Amino acid sequence: METLGVLLTVPMDPYLEEELDRRYNLFRLWEAPLESRRDFLFTRAGSIRALVGNTNVGADAETIDALPRLEIVSTFSVGLDKINLDKCRERGIRVTNTPDVLTDDVADLAIGLAIAVLRRIPQVDRYVRDGSWKTKGDYKLTTKLSGKTVGIIGLGRIGMAIAKRAEAFGCPIIYHSRSEKPDTNYKYYSNVLDLAANCEVLIVACSLTPETRHIVNRKIMDALGPKGVLINIGRGLHVDESELVKALVQGRLGGAGIDVFEHEPHVPQELFGLDNVVLVPHVGSDTMETCKAMADLVLQNLEAHFSCKLLLTPVL
């Protein structure tokens, strides 16, 4: 296998990079300056038969066209929005992702963000650290998650895991998906506007597609209202970020917990000074246990492909 070329698009999990380097002839795309990457790929195109990407840099049409021997794209993520699936389909390139293994972590973070926003956990932590508790007295009252109606956009693996966790807090669950799920008793809403109008915490957990881009817009935020909380653990493009800033600054939206942003790693400066916002840097699946499991799945899919065995998590 050492002669097989694998293109790694960006630095990601150290264990994954080490194993790829050990098992294959590894090419690191980021080592080439942006202006010379076309030449970088051209001189190595005859060797590269696999590409490993993630939610930052995947396989766009230009990259795929530059690699005539490319056979498989294995992404270190569940999301496929950074992969040109039409081009892969056209070329007969196999595509795999890493579902299931990160479900629990992302669901945990969604609930954690909801509690952090409602109970102002980062803010009260600072209140203690900067001495305000001693000089100003007790912190103002916050509000609880328990018993609040939770609306979920996207009741797939992650959405369902979030729902189960929220149920443990006594939260009624309502949801919107492309179609009603036959195996659940949760109330279904056929449109997001009605979902937002009937919940207190709205969690975005759907896949990013052209149809779900800015699925949370100004109308949705206004329907959620000044006491409502928005949690986004999906993709940054699910939420109209400029409208989110306005809604929070103007008090039309009660709060937000955000793991993903439209232009990562750039975050709107206006959010930094708001006490009703909790921001984390796209860490939904970033635990040691899950990253190891995701890396192993990427490696197993590559091994299965080159050994002509069944892929563990085929998309195409």
Side-chain angles (χ1 to χ4, degrees), residues 12-13 54-56 75-81 97-126 142-146 148-171 173 175 199-208 212 215-216 224 228-239 241 244 248 253-262 264-265 267 271-272 274-295 297:
M12 46 189 90
D13 181 70
N54 65 4
T55 54
N56 294 318
T75 182
F76 185 72
S77 67
V78 171
L80 303 166
D81 48 287
N97 62 348
T98 57
D100 297 324
V101 293
L102 51 69
T103 297
D104 285 338
D105 280 356
V106 178
D108 288 351
L109 183 65
I111 297 300
L113 283 172
I115 295 172
V117 173
L118 291 164
R119 298 300 305 271
R120 301 288 196 265
I121 291 176
Q123 292 77 17
V124 295
D125 176 83
R126 288 199 300 271
T142 58
T143 187
K144 64 182 181 179
L145 173 64
S146 299
K148 283 185 167 54
T149 299
V150 172
I152 301 173
I153 304 176
L155 203 67
R157 294 182 183 93
I158 292 173
M160 185 62 76
I162 293 168
K164 296 298 185 186
R165 285 159 173 74
E167 276 190 303
F169 286 87
C171 297
I173 308 298
Y175 74 99
C199 70
E200 296 160 281
V201 178
L202 181 64
I203 302 178
V204 185
C206 56
S207 300
L208 181 62
T212 62
I215 194 169
V216 178
L224 191 54
V229 168
L230 174 67
I231 305 296
N232 188 9
I233 46 78
R235 287 289 182 268
L237 283 168
H238 281 134
V239 176
E241 205 165 79
L244 174 64
L248 289 164
L253 181 64
I258 309 296
D259 179 46
V260 288
F261 303 87
E262 281 204 66
E264 296 177 2
V267 178
L271 297 178
F272 294 164
L274 299 178
D275 273 350
N276 56 345
V277 177
V278 177
L279 309 171
V280 293
H282 201 153
V283 295
S285 60
D286 288 359
T287 65
M288 293 181 289
E289 299 88 347
T290 291
C291 284
K292 171 69 162 53
M294 290 170 64
L297 197 48

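Quick caveat: nothing in here was measured; it's all calculated off a predicted structure. Values reported hereafter were calculated over all heavy atoms of this structure, with side chains retained and with hydrogens, waters and symmetry mates removed.
Listed here is the closest heavy atom pair of Ile203 and Ala110: CG2-CB, 4.3 Å. The two residues Thr55 and His282 make their nearest non-hydrogen contact at OG1-CE1, 3.8 Å. Ile158 and Ala205 make their closest contact through CG2-CB, 4.4 Å (heavy atoms, listed as atom of the first residue, atom of the second, distance). For the pair Gly284 and Leu109, the tightest heavy-atom approach, listed with the atom from each and the gap, is CA-CD2, 3.5 Å. Here the shortest heavy-atom pairing between Arg119 and Thr143 reads CD-O, 3.1 Å. Nearest approach of Gln123 to Ala116, heavy atoms of both residues: OE1-O, 4.4 Å.
Between Ile111 and Leu145, the closest side-chain pair of non-hydrogen atoms falls below 4.5 Å. Two residues are said to be in side-chain contact when any heavy atoms from C-beta on lie closer than 4.5 Å; Leu118 and Lys148 meet this criterion. The shortest distance between side-chain heavy atoms of Leu271 and Glu241 does not fall below 4.5 Å. With contacts defined as side-chain heavy-atom distances shorter than 4.5 Å, the pair Val239/Glu262 does not qualify.
Counting only distance, with no hydrogens or angles, the side chain of Asp13 and the backbone of Ala295 share no donor-acceptor pair below 3.5 Å. Looking at Asn232, its side chain never comes within 3.5 Å of a backbone N or O of Ile258 through a donor-acceptor pair.
Screening Val150, Leu224, Thr149 for a side chain to side chain contact (heavy atoms under 4.5 Å, CB included) with Glu200, the sole residue that qualifies is Thr149.
Within the model, atoms CD1 of Ile231 and CD1 of Ile152 stand 11.5 Å from one another, a figure rounded to the nearest 0.5 Å. Atom-to-atom distance recorded for Asn56:CG and Glu264:CD is 6.5 Å, nearest 0.5 angstrom. Distance check, rounded to the nearest 0.5 Å: OG1 of Thr142 to CD1 of Ile115 gives 11.0 Å. A distance of 3.5 Å separates NE2 in His238 from OG1 in Thr212, rounded to the nearest 0.5 Å. In this structure, the separation between CG on Leu102 and SG on Cys291 is 9.0 Å, given to the nearest 0.5 Å. Annotation: the span from Cys171 atom SG to Ile162 atom CD1 amounts to 12.0 Å, rounded to 0.5 Å.
For Arg165, the salt bridge (charged side-chain N to carboxylate O under 4.0 Å, His left out) partners are Asp104, Asp108, not counting sequence neighbours. For Phe76, the ring pair (Phe, Tyr, Trp, His ring centres under 6.0 Å) test picks out no residue, with sequence neighbours left out. In this structure Asp81 satisfies the side chain to side chain donor-acceptor pair (under 3.5 Å) test together with Arg235, sequence neighbours excluded. Checked against side chain to side chain donor-acceptor pair (under 3.5 Å), Thr287 has the following partners two or more places apart in sequence or in another chain: Asp105, Thr290. The side chain to side chain donor-acceptor pair (under 3.5 Å) search around Thr75 returns Ser77, not counting sequence neighbours.
Applying the salt bridge (Lys or Arg N to Asp or Glu O under 4.0 Å) rule to pairs touching residues 283-292 yields Lys292-Asp296, sequence neighbours excluded.
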Requested in this report: For side chain to side chain contact (heavy atoms under 4.5 Å, CB included), just list the numbers for Val216 and Ile153, CA-CA rounded to whole Å, side-chain angles, deciding distance to a tenth of an Å, and then say yes or no.
Outcome: CA-CA 10 Å; Val216 178; Ile153 304 176; 3.9 Å; yes
Report task. Go through the steps to decide whether Val260 and Ile233 satisfy the test side chain to side chain contact (heavy atoms under 4.5 Å, CB included), and finish with yes or no. Result -> CA-CA 6 Å; Val260 288; Ile233 46 78; 6.0 Å; no
